[in-house]
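All values below were derived from every heavy atom in this structure, side-chain atoms included, with hydrogens, water molecules and symmetry-related copies excluded.
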Amino acid sequence: MHKLYSEFLEEYESLGHMQRILDNCYSPINYYLPHHGIFKSRNNSAKLRVVFDVPAPTTSGRSLNDILLSGRVQEDVFNIMLRFRKHKIVLMADIKQMFRQILIDPTQRNLLRILWKNKHW
């Protein structure tokens, strides 16, 4: 499990979805996201999913979800689904890792830290 966990976080970093914080990087407010792995073993294969517990309450009783800036849905999903059905040809895409590709406002990034000690550092 440790090997799979490290591989996941190394991929996370190599894709640019997280970055190392320099020792001289100061911020008055920081929050470290709790995270853990969920391990599933099926038919001679092992799969690990890393879960970041953003809804976990902080010491103030509020969760990070309560504090972070949130976006808004641009269009009602019901209307999107109706429009989807009226065409003969529809294009679809795999949205794997979609949420990791959303650019986080630099002023909010110190609220999305994780603690991970890698032997390469």
Side-chain angles (χ1 to χ4, degrees):
M1 185 168 175
H2 181 269
K3 181 178 181 282
L4 292 172
Y5 206 94
S6 291
E7 287 172 359
F8 171 86
L9 289 174
E10 286 169 6
E11 177 190 24
Y12 209 79
E13 181 184 21
S14 70
L15 292 172
H17 299 161
M18 75 174 177
Q19 63 189 31
R20 184 177 178 194
I21 298 173
L22 301 175
D23 292 336
N24 62 355
C25 181
Y26 171 77
S27 173
I29 299 174
N30 299 309
Y31 181 73
Y32 290 85
L33 287 170
H35 55 94
H36 64 279
I38 297 175
F39 185 72
K40 290 187 179 181
S41 180
R42 287 190 187 160
N43 301 336
N44 297 329
S45 69
K47 181 156 180 144
L48 178 81
R49 185 169 60 101
V50 176
V51 176
F52 297 93
D53 194 6
V54 179
T58 63
T59 54
S60 70
R62 297 176 67 197
S63 74
L64 189 57
N65 277 347
D66 297 332
I67 300 167
L68 287 175
L69 293 174
S70 60
R72 59 185 181 119
V73 177
Q74 298 295 325
E75 188 175 353
D76 182 35
V77 175
F78 183 73
N79 290 335
I80 294 170
M81 296 303 289
L82 283 177
R83 191 171 60 245
F84 184 83
R85 294 180 50 91
K86 74 180 193 178
H87 300 286
K88 288 183 180 182
I89 299 173
V90 177
L91 299 176
M92 294 176 54
D94 181 6
I95 58 171
K96 181 181 178 187
Q97 301 175 350
M98 178 186 77
F99 291 106
R100 290 199 236 159
Q101 313 239 356
I102 297 171
L103 183 63
I104 303 297
D105 185 312
T107 63
Q108 300 284 297
R109 291 181 187 166
N110 285 320
L111 299 173
L112 297 171
R113 291 182 175 193
I114 66 168
L115 184 59
W116 173 48
K117 184 175 181 180
N118 185 356
K119 61 184 170 191
H120 301 303
W121 293 354

Colleague: Test of understanding: with side-chain hydrogen bond (donor to acceptor under 3.5 Å, both in side chains), list the residues that count as partners of Lys3, not counting sequence neighbours.
Modeller: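 With sequence neighbours excluded, Lys3 shows a side-chain hydrogen bond (donor to acceptor under 3.5 Å, both in side chains) to Glu7, given in chain and number order.
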Colleague: Surrounding NE2 of His87 (heavy atoms of other residues, nucleotides or ligands, distance under 6.0 Å), is the total greater than 12?
Modeller: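 Atom NE2 in His87 is packed in, count exceeds 12.
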Colleague: Test of understanding: with side chain to side chain contact (heavy atoms under 4.5 Å, CB included), list the residues that count as partners of Tyr32, not counting sequence neighbours.
Modeller: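 By the side chain to side chain contact (heavy atoms under 4.5 Å, CB included) rule, Tyr32 matches Asn30, Arg113, Leu115.
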Colleague: Mind checking who shares a hydrophobic cluster with Ile89, ILVMFWY linked at side-chain heavy-atom distances under 4.5 Å?
Modeller: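 Direct or chained contacts put Ile89 with none.
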Colleague: Identify, with sequence neighbours excluded, every residue that meets side-chain hydrogen bond (donor to acceptor under 3.5 Å, both in side chains) alongside Arg109.
Modeller: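 Checked Arg109 against side-chain hydrogen bond (donor to acceptor under 3.5 Å, both in side chains); zero matches.
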Colleague: Can you measure from CG (Leu33) to CZ (Phe52) and round to the nearest 0.5 angstrom?
Modeller: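 Between Leu33 CG and Phe52 CZ, I get 7.0 Å after rounding to 0.5 Å.
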Colleague: To the nearest 0.5 Å, what is the distance between CD1 on Ile104 and CG on Leu111?
Modeller: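 Rounded to the nearest 0.5 Å, the CD1-CG separation comes to 10.0 Å.
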Colleague: Just jot down the side chain to side chain contact (heavy atoms under 4.5 Å, CB included) partners of Ile38, sequence neighbours excluded, or say none.
Modeller: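 Side chain to side chain contact (heavy atoms under 4.5 Å, CB included) list for Ile38, sorted by chain: His36, Arg49, Val51.
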Colleague: Scan the side chains in residues 55-64 for donor-acceptor partners under 3.5 Å anywhere in the protein, sequence neighbours excluded, and list what turns up.
Modeller:
residue : atom : partner : partner atom : Å
Thr58   : OG1  : Ser60   : N            : 3.3
Thr58   : OG1  : Ser60   : OG           : 2.9
Thr58   : OG1  : Arg62   : O            : 2.7
Ser60   : OG   : Arg62   : N            : 3.4
Arg62   : NH2  : Asp66   : O            : 3.4
Ser63   : OG   : Asn65   : N            : 3.3
Ser63   : OG   : Asp66   : N            : 3.3
Ser63   : OG   : Asp66   : OD2          : 3.4

Colleague: Once rounded to the nearest 0.5 Å, what's the spacing between atom CZ of Phe8 and atom NZ of Lys47?
Modeller: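 With rounding to 0.5 Å, CZ (Phe8) is 10.5 Å from NZ (Lys47).
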Colleague: Got more than 12 heavy atoms from elsewhere within 6.0 Å of CD1, Ile29?
Modeller: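 Atom CD1 in Ile29 is not packed in, count stays at 12 or less.
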Colleague: How far does CH2 of Trp116 sit from CD of Glu10, to the nearest 0.5 angstrom?
Modeller: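 Taking CH2 in Trp116 and CD in Glu10, the distance rounds to 5.0 Å.
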Colleague: Using the test side-chain hydrogen bond (donor to acceptor under 3.5 Å, both in side chains), find all partners of Tyr5 that sit at least two apart in sequence or belong to another chain.
Modeller: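 Applying side-chain hydrogen bond (donor to acceptor under 3.5 Å, both in side chains) to Tyr5 gives His35.
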Colleague: Between Leu9 and Met18, what is the shortest heavy-atom contact and its length?
Modeller: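 For Leu9 versus Met18, the nearest heavy atoms are O-CE, 3.3 Å.
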